[in-house]
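Hydrogens, waters and symmetry mates are skipped; everything else that's a heavy atom, side chains included, is used. Predicted model, so just to flag it, every value in this text is computed and none were measured.
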Amino acid sequence: AVISKDQYLLTLFAFAGIYVIAVSGLDLLFGYSGQISMGHAAYYAIGAYTSALLSTKLGVPVLLSMIAAMVVSGVFGIIVAFPAAKLVRHFLSLLTIAFGQMVYIFACKAKAVTNAMAGVKRIPKLNLFGFEFRSNLSCAILILVLCVLFLIVKQRIVHSSSGRALMAIRENVVAADGMGINIKKYKIMAFAISAVYTGMAGALYAHIVSYISPESFQSSQSQLLMTMLLFGGMGNLAGPIIGAVIVTILNETLQGFSSYRMLIYGFIILASVLYMPKGLYGIVEKIKGLFGRRVKADADN
């Protein structure tokens with residue numbers, strides 16, 4: 001019983017890690033460049049199906065199929081970004097929702113490619129340089145390492161000139177344009193990088209579960225990613241991690257309330273927007289600030 005409980009916790013940890021990568025990618029797009037995406041499950045699906053189909057149908061090594069998944073997801077991110085770069089607010093939301101639905105319908109109907117609702121079975125386990133990650137522990141360790149790598153890359157991007165350009169666009173597009181920032185270029189870049197992150201998360205999901213079907217990539221998956229981001233907090237390193245971990249645990253806890261889960265996520269999003277605009281991370285920072293001021297005031301007295 002202890003072993004099975006440990007295995008369950010390791011699997012939960014692995015899923016949380018996968019979501020941390022996906023939500024960190026969404027944060028680069030929404031939190032840093034201010035472009036909302038309500039169809040991010042599309043890139044999750046593209047990454048999963050690309051890696052799964054290459055490894056099962058063509059026998060491509062898992063490492064190469066996962067790299068291909070990131071590339072293909074990034075290409076689709078660029079394709080969507082071209083029209084998206086011209087749109088704002090609800091128009092952008094509608095475009096991303098439409099793209100998410102298009103990918104989902106393609107996965108459902110293109111039997112020759114995706115095997116439709118029957119899904120893709122017997123997807124090879126994660127395999128790097130001949131070492132197969134069969135145990136839950138080895139998978140969890142690999143995902144932890146990948147999480148750290150992707151988060152380091154994210155921070156390098158954020159603290160680069162490109163990151164500063166993205167934040168300038170988020171704050172004021174007109175002012176950023178006046179400063180000579182190429183708005184279209186950086187908006188497309190944000191979409192591409194975000195898609196690469198989410199595509200990698202999808203590929204990891206496919207190889208850990210060893211089976212995928214369109215049911216895993218419905219619009220509810222996009223809403224789950226957005227819930228994680230808003231709940232944890234945008235535009236920082238810790239927010240997506242906090243949101244992904246807590247909502248993954250919450251998602252597992254609510255398995256028995258499957259018909260009400262989306263309603264609960266809706267309440268979480270509403271509460272986050274109205275009462276926690278900076279998410280849980282913002283509340284923690286506020287408490288730290290108040291505590292710091294209190295300590296300083298006591299020291300002065």
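Inter-residue side-chain proximity for I193 and K154 is flagged as unmet; no heavy-atom pair is nearer than 4.5 Å. You'll find the side chain of I241 reaches within 4.5 Å of the side chain of L151, heavy atoms only. At least one side-chain heavy atom of V158 sits under 4.5 Å from a side-chain heavy atom of L28. T198 has its side chain out of reach of L26: every pair of non-hydrogen atoms, C-beta onward, lies at least 4.5 Å apart. S73 is listed as a side-chain neighbour of I46, based on a closest heavy-atom distance under 4.5 Å. Side-chain contact between L225 and L229: absent, with no pair of heavy atoms (C-beta onward) separated by less than 4.5 Å. No side-chain heavy atom of H40 sits under 4.5 Å from any side-chain heavy atom of T96. The closest side-chain heavy-atom distance from M228 to Y19 is below 4.5 Å.
More than 12 non-hydrogen atoms from other residues, nucleotides or ligands lie less than 6.0 angstrom from CD of Q155. The local environment of CE in M117 is crowded, with over 12 non-hydrogen atoms from other residues, nucleotides or ligands closer than 6.0 Å. No more than 12 heavy atoms of other residues, nucleotides or ligands sit less than 6.0 Å from atom CZ of F91. Remark: K125 NZ is packed, more than 12 non-hydrogen atoms of other residues, nucleotides or ligands lying under 6.0 Å away. A 6.0 Å sphere centred on NZ of K57 holds more than 12 heavy atoms belonging to other residues, nucleotides or ligands.
Between L126 and C139, the closest heavy-atom pair is CD1-SG, 4.3 Å. Nearest heavy atom pair, residue P240 against residue V23, reads CB-CG1, 3.7 Å. Closest approach of A68 to L54, counting heavy atoms only: CB-CD1, 3.5 Å. Summarising the geometry of P124 relative to H207, their closest heavy-atom pair is O-ND1, 2.8 Å, with the distance given to 0.1 Å. Across A203 and M66, no two heavy atoms sit closer than the pair CB-CG, 4.0 Å. Here the closest heavy-atom approach between residue R170 and residue G31 is recorded as NH1-O, 2.7 Å.
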Worked verdict on S222 versus S219 for side chain to side chain donor-acceptor pair (under 3.5 Å): CA-CA 5 Å; S222 297; S219 58; over 6 Å; no
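The line from CD1 of I36 to CZ of F30 is 4.0 Å long, rounded to the nearest 0.5 Å.
Among residues two or more places apart in sequence or in another chain, the ring-ring contact (aromatic ring centres under 6.0 Å, His included) test is passed with Y197 by F150.
Checked against the 6.0 Å centroid criterion, the rings of F217 and Y49 qualify as a close aromatic pair. Taking the six-membered ring where the residue is Trp, the centroids of Y43 and F99 are separated by under 6.0 Å.
A side-chain donor from one of Y205 and S216 sits under 3.5 Å from a side-chain acceptor of the other.
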